[in-house]
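The basis for the numbers below is simple: all heavy atoms, side chains too, and nothing from hydrogens, waters or symmetry mates. Residues take their numbers from the sequence shown, with the count starting at 1.
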Amino acid sequence: MSELRNDRLLRALLRQPVDRTPVWMMRQAGRYLPEYRATRERAGSFMDLCRSAELACEVTLQPLARFELDAAILFSDILTIPDAMGLGLYFAEGEGPKFEHPLRDAAAIRALRKPDMKQDLGYVMAAVSTIRQALAGRVPLIGFAGSPWTLATYMIEGASSRDFSRAKSMLYDQPEAAHQLLALLADTVAEYLNAQIEAGAQAVQIFDTWGGALSTPAYQQFSLAYMRRVVEQLRREHDGRRVPVILFTKGGGQWLELMADTGCDALGLDWTTELHGARERVGQRIALQGNMDPAILNAAPEAIRAEVSRILESFGPGSGHVFNLGHGITPGVPPEHAGAMIRAVTELSPAFHQSG
């Protein structure tokens with residue numbers, strides 16, 4: 001593998017000194033880019049795009065051709081694992097992901113099999129190795145997976161949900177079945193992320209998109225405990241370097257101390273948690289990532305720059321901050337507005353990293 005020329009992200013995730021705050025965006029390769037839409041059209045379907053190492057590499061690199069980003073993130077989907085478990089993932093136009101065979105009882109959970117990383121998910125590892133080779137040491141590559149709870153919500157509901165009534169009912173009515181499912185998912189996610197690391201991912205993020213929908217006791221029992229189980233199994237060194245682990249629970253700002261105790265290296269924050277307070281609570285133990293509201297990217301570039309400045313001030317001077325959105329960039333954002341955000345970070349953040 002090529003020597004890494006820009007390790008700013010990896011250093012910041014480990015709270016080591018950097019010359020400026022590194023920046024990347026969740027969903028940075030996506031529908032807001034016209035070149036992505038063109039590649040997606042060529043691929044034929046979203047999953048065909050994910051399953052082609054060459055096309056997944058192409059769209060992963062597209063934002064790096066436009067912007068001065070400090071990381072690439074694997075182009076894939078969090079639902080590759082449930083799909084590999086035989087639930088029949090498909091995407092309905094305008095409706096998001098759906099499953100042909102949702103889990104509606106304990107018997108369906110008992111019948112699940114753990115997917116084979118090479119046979120069932122080898123296309124993901126092929127994409128990782130292809131992207132890593134194409135990057136040629138330019139920036140690090142981030143791998144990712146959905147959290148066990150977040151995956152379970154889709155598998156039980158059969159689609160996206162507003163209230164998670166089926167999934168939450170299972171937690172309370174059939175806790176043994178829920179724990180069986182979550183344990184299987186935790187072990188599978190750990191194996192999946194380790195396979196990505198082996199293939200070339202240099203940092204990994206666990207997306208707990210729906211953890212914030214739970215009560216505090218339910219979050220601790222059904223989401224956090226299984227993310228800890230994932231983190232405990234992860235390979236933390238590869239190619240002679242530490243592989244940082246980022247944990248991101250959307251809506252989880254009230255649980256930062258609990259999340260920091262999982263053994264991860266960094267916590268992703270959404271825009272409802274202020275960086276200054278988060279740093280006071282856990283920032284001496286762990287790096288922080290975030291946390292601009294993606295909606296601000298619809299505003300004028302001057303407003304975007306002002307918000308970047310405010311967020312940098314909120315974290316304050318010193319290492320341990322990775323600039324990011326508080327969730328994924330939305331499809332309607334003008335690409336030049338994303339560029340304005342990235343440019344503001346690169347221009348304004350060096351002042352926060354001057355020594356002496």
Side-chain angles (χ1 to χ4, degrees), residues 7-15 22-30 50 56 60 63 69-81 124-125 127-128 131-132 139-151 185-186 188-212 223-224 226-236 238 241-252 255-256 259-260 262-270 273 278 286-292 294 320-329:
D7 66 352
R8 198 176 280 120
L9 173 85
L10 302 183
R11 292 179 63 80
L13 289 173
L14 299 175
R15 296 183 297 116
V23 55
W24 69 279
M25 296 181 293
M26 289 185 276
R27 291 197 199 127
Q28 66 187 23
C50 290
T60 297
L69 292 158
D70 293 296
I73 182 166
L74 165 69
F75 182 82
S76 188
D77 193 86
I78 64 169
L79 299 179
T80 52
I81 284 177
V124 177
M125 312 321 152
V128 171
I131 296 162
R132 178 73 187 275
V139 293
L141 174 60
I142 302 169
F144 71 91
S147 73
W149 160 248
T150 292
L151 297 182
L185 287 170
T188 303
V189 166
E191 191 176 342
Y192 182 59
L193 289 175
N194 281 336
Q196 291 183 36
I197 292 166
E198 185 66 31
Q202 292 151 292
V204 293
Q205 176 157 316
I206 300 169
F207 283 86
D208 187 33
T209 310
W210 301 124
S223 182
L224 189 69
Y226 290 99
M227 287 194 287
R228 182 182 294 110
R229 181 164 169 160
V230 172
V231 173
E232 287 171 350
Q233 297 180 63
L234 290 182
R235 182 171 183 176
R236 305 304 285 273
H238 190 56
R241 292 193 73 135
R242 175 86 170 177
V243 180
V245 178
I246 309 161
L247 213 62
F248 174 61
T249 293
K250 186 171 183 288
W255 303 314
L256 296 183
M259 288 191 279
T262 60
C264 63
D265 298 286
L267 295 178
L269 305 178
D270 66 22
T273 299
I286 209 159
L288 297 172
Q289 178 177 278
N291 65 335
M292 181 182 268
H321 180 210
V322 173
F323 200 100
N324 207 321
L325 302 174
H327 201 240
I329 187 168

Side chains of [X] and [Y]: does their closest heavy-atom pair fall under 4.5 Å?
X: Val139; Y: Trp24; result: no
X: Leu13; Y: Ile246; result: yes
X: Pro63; Y: Leu69; result: yes
X: Leu9; Y: Ile142; result: yes
X: Asp208; Y: Met259; result: no
X: Ile206; Y: Thr150; result: no
X: Leu14; Y: Pro244; result: yes
X: Tyr226; Y: Leu185; result: no

State, to 0.1 Å, how close [X] and [Y] come at their nearest heavy-atom pair, and which atoms those are.
X: Gly290; Y: His321; answer: O-NE2, 2.9 Å
X: Cys50; Y: Asp77; answer: SG-N, 4.4 Å
X: Phe75; Y: Ala56; answer: CB-O, 3.8 Å
X: Ser223; Y: Gly211; answer: OG-CA, 4.4 Å
X: Ala260; Y: Leu267; answer: N-CD1, 4.1 Å
X: Ala278; Y: Leu256; answer: CB-CD1, 3.5 Å

Checking side chain to side chain contact (heavy atoms under 4.5 Å, CB included) for the pair Gln289/Phe248: CA distance, chi angles, key distance, verdict?
CA-CA 9 Å; Gln289 178 177 278; Phe248 174 61; 5.8 Å; no
Which is it for His327 and Thr209 under the side chain to side chain contact (heavy atoms under 4.5 Å, CB included) test, yes or no, and what are the steps along the way?
CA-CA 9 Å; His327 201 240; Thr209 310; 3.9 Å; yes
So, [X] side chain and [Y] main chain: donor-acceptor pair closer than 3.5 Å or not?
X: Trp149; Y: Trp210; value: yes
X: Arg132; Y: Gly200; value: yes
X: Glu232; Y: Gly263; value: no
X: Asp70; Y: Val23; value: yes
X: Asp270; Y: Gly251; value: yes
X: Gln196; Y: Phe144; value: yes
X: Asn194; Y: Arg235; value: yes

[atom1] of [X] to [atom2] of [Y]: how many Å apart, nearest 0.5 Å?
X: Tyr192; Y: Ile81; atom1: OH; atom2: CD1; result: 6.0 Å
X: Ile286; Y: Asp265; atom1: CD1; atom2: CG; result: 7.0 Å
X: Thr273; Y: Asn291; atom1: OG1; atom2: CG; result: 7.5 Å
X: Ile329; Y: Met26; atom1: CD1; atom2: CE; result: 11.0 Å
X: Thr262; Y: Met227; atom1: OG1; atom2: CE; result: 7.5 Å

The test is side chain to side chain contact (heavy atoms under 4.5 Å, CB included); show your working for Met292 and Leu325 and say whether it passes.
CA-CA 4 Å; Met292 181 182 268; Leu325 302 174; 4.1 Å; yes
Go through Val245 and Arg236 one step at a time and tell me if the side chain to side chain contact (heavy atoms under 4.5 Å, CB included) criterion holds.
CA-CA 8 Å; Val245 178; Arg236 305 304 285 273; 3.5 Å; yes
